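So the structure is just underneath, and the comments pick up after that.
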Amino acid sequence: MNKKLISVAAVGALLIGLAGCASGGAGAGGGAETDGGSGPKPIEDLVVGFAQVGAESGWRTANTTDIQSAFEEAGIELKFSDAQQKQENQIKAIRSYIQQQVDYIAFSPVVESGWDAVLNEAKAAGIPVILTDRAVDSADDSLYESFLGSDFVVEGQKAGDWVVEEFADADSVKIIQLEGTTGSAPAIDRAEGFAEVIGEDPKFEVVASQTGDFTRAGGKQVMEALLKSNPDVDLVYAHNDDMGLGAIEAIEAAGLVPGQDIKIVTIDAVKDGMQALADGKINFIVECSPLLGAQLVDIIKTLNEGGSVDKRIITEETTFTQEQAVEALPDRQY
Ligand code: GZL
C-alpha cells in the first residue's frame with residue numbers, strides 16, 4: 001500500500017513541476033525566479049500593467065507622462081488605466097491585468113487600505129507587483145516587490161520646519177490645512193509630519209483642516225468656506241500645489257493678498273506651483289518628484305533578470321524658496 005501511495009505522489013509532484021515550468025510564459029510571473037527558472041524574458045516581450053490613480057493634479061499628469069515615456073523608451077509594452085481617483089476602478093484594472101496574464105503590475109494606490117484581496121490574487125497568479133508613489137497599509141509585504149516613492153512624513157516635516165522659522169517672531173499663528181485625498185498615504189503622512197513639528201509650540205493652531213482631494217477646484221471650494229469662518233488665518237498648509245493654487249483664487253476673491261496677508265506653503269513643486277512661488281503668491285514649496293518612470297523600468301528589468309530589489313526605494317527631492325523658484329523655473333521638466 002505505502003509503495004503505491006508514494007509512486008502516485010511522485011507522479012503528482014512531477015506533473016505540478018512540469019506545469020510550473022510550462023507556464024513560464026507571459027503572465028506566469030515576470031521574474032526569472034517565478035517562471036520555473038526559464039531565465040529572463042526578452043525585454044521586447046515583457047508586458048506591464050499600470051493602474052494610475054487618475055488625472056487630479058499637475059503632479060499626476062507629470063507622473064503619467066514620465067512613466068509612459070520611460071516604458072516607450074525601454075521598448076516595454078505598457079497597458080495603462082486611469083481610475084478617476086476611485087479605488088474600485090483601480091482594483092478592476094488590476095484584475096484585468098491578471099486576466100491578461102501581464103508579466104508585472106505597477107500601481108499608485110489611491111488610498112492605503114483595501115488591497116490585500118486583489119494583491120493576493122496577483123500573487124497567486126505569479127505576477128509581481130510594484131507600488132509607485134503611494135503605499136498600502138497591508139501587514140503582508142510579500143504582496144509587493146518594492147515601494148518606490150517619496151517619504152511623505154519627511155515632506156510634512158520640511159513644511160513644518162519652514163513654518164517654525166518663518167513665524168519665529170509671531171506670538172500666535174492660525175493655520176488652515178488643506179488635506180489631500182482622505183485615506184491616502186500622502187494625506188495621512190504629510191499631516192503627521194507637519195503636526196509633529198508645529199506641535200512642539202502651542203502658538204501654532206490648526207484652526208481648520210479639510211480635504212480638497214488634491215484638486216485645484218477642491219482647494220478653492222474648501223478655502224472659500226474655511227476663510228469665511230476663519231478670516232484672521234495667518235497661513236495655509238496645502239498638501240499639494242494644486243490645492244494651494246485653488247486657495248490663492250479664494251484668497252484673492254476675498255480681497256486679500258496671497259503670500260502676504262495669508263502665507264501659503266505647499267508640496268509638489270510642479271510648474272504652476274513654482275510660477276506662483278516665483279510670483280510671491282506661495283511662500284515655500286517642498287518638492288515631491290513625479291519622475292518615477294526610469295526607476296520603475298529599472299526595477300522591472302532587475303526582476304526580469306532574476307535579481308532582487310529593495311523593498312523601499314525613496315526618491316530624492318528638495319525644497320524651494322521664492323528666490324530659488326525664479327532660478328529653477330526655466331529648467332523645470334514638469
Ligand atoms: C504624491 C502624490 C500626490 C501629489 C498630488 O506622491 O501621490 O498625488 O502630491 C497628487 O499632487 O495628486
Side-chain angles (χ1 to χ4, degrees), residues 50-67 82-87 89-90 106-113 115 130-137 146-159 177-194 211-223 236-248 264-277 282 284-293 295-296 312-320 332-334:
F50 189 88
Q52 182 59 294
V53 168
E56 73 281 0
S57 63
W59 189 99
R60 187 66 54 198
T61 310
N63 178 244
T64 290
T65 304
D66 184 68
I67 285 170
D82 171 335
Q84 282 126 33
Q85 292 226 84
K86 291 184 175 56
Q87 180 174 31
N89 290 346
Q90 278 194 303
F107 77 115
S108 169
V110 60
V111 292
E112 281 191 342
S113 306
W115 300 100
I130 297 113
L131 304 181
T132 68
D133 168 30
R134 298 185 183 178
V136 296
D137 63 5
S146 183
F147 164 35
L148 162 65
S150 309
D151 183 331
F152 302 130
V153 173
V154 167
E155 290 174 346
Q157 290 167 340
K158 288 178 181 176
Q177 178 171 228
L178 301 177
E179 302 168 12
T181 302
T182 304
S184 69
I188 293 166
D189 292 353
R190 286 171 180 170
E192 179 190 319
F194 185 75
T211 182
D213 211 15
F214 281 130
T215 65
R216 196 177 293 207
K220 180 180 179 185
Q221 191 181 358
V222 170
M223 188 63 196
V236 172
Y237 167 46
H239 288 180
N240 80 330
D241 292 354
D242 286 66
M243 292 191 293
L245 292 165
I248 286 171
I264 301 177
V265 55
T266 69
I267 300 176
D268 274 351
V270 294
K271 198 156 274 183
D272 288 352
M274 292 288 274
Q275 189 58 61
L277 182 61
I282 291 178
F284 189 72
I285 299 185
V286 176
E287 184 183 42
C288 174
S289 176
L291 306 181
L292 306 177
Q295 286 177 283
L296 177 56
R312 179 73 176 98
I313 301 170
I314 296 180
T315 42
E316 299 293 318
E317 40 216 28
T318 183
T319 57
F320 293 96
R332 291 299 284 176
Q333 293 179 61
Y334 57 91

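These numbers come from a predicted model, not from an experiment. All residue numbers in this chain count up from 1 along the given sequence. Both counts, for ligands and for their atoms, begin at 1 and track the order of listing.
At least one donor-acceptor pair under 3.5 Å links the side chain of S184 to the backbone N or O of T181. Distance alone, capped at 3.5 Å, places no donor-acceptor pair between the R216 side chain and the D242 backbone.
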Identify all N/O pairs between ligand 1 and the protein with a separation under 3.5 Å and present them as a table of atom names and distances.
from	atom 1	to	atom 2	distance (Å)
ligand 1	6 (O)	D133	OD1	2.3
ligand 1	7 (O)	R60	NH2	3.1
ligand 1	7 (O)	D133	OD1	2.8
ligand 1	7 (O)	D133	OD2	2.9
ligand 1	7 (O)	R134	NE	2.7
ligand 1	7 (O)	R134	NH2	3.4
ligand 1	8 (O)	R60	NH2	3.1
ligand 1	8 (O)	R134	NH2	2.8
ligand 1	9 (O)	R190	NH1	2.8
ligand 1	9 (O)	R190	NH2	3.3
ligand 1	9 (O)	D268	OD1	2.7
ligand 1	9 (O)	D268	OD2	3.4
ligand 1	11 (O)	S57	OG	3.0
ligand 1	11 (O)	N240	ND2	2.9
ligand 1	11 (O)	D268	OD2	2.6
ligand 1	12 (O)	E56	OE2	2.5
ligand 1	12 (O)	S57	OG	2.8

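The number of heavy atoms from other shown groups lying within 6.0 Å of CD (E112) is above 12.
Considering only residues two or more places apart in sequence or on other chains, T319 meets the side chain to side chain contact (heavy atoms under 4.5 Å, CB included) condition with K158, F284, V286.
Between Y237 and F194, the gap from one ring centroid to the other is short of 6.0 Å.
Annotation: side chain of L277 is in contact with side chain of F320 (closest heavy-atom distance under 4.5 Å).
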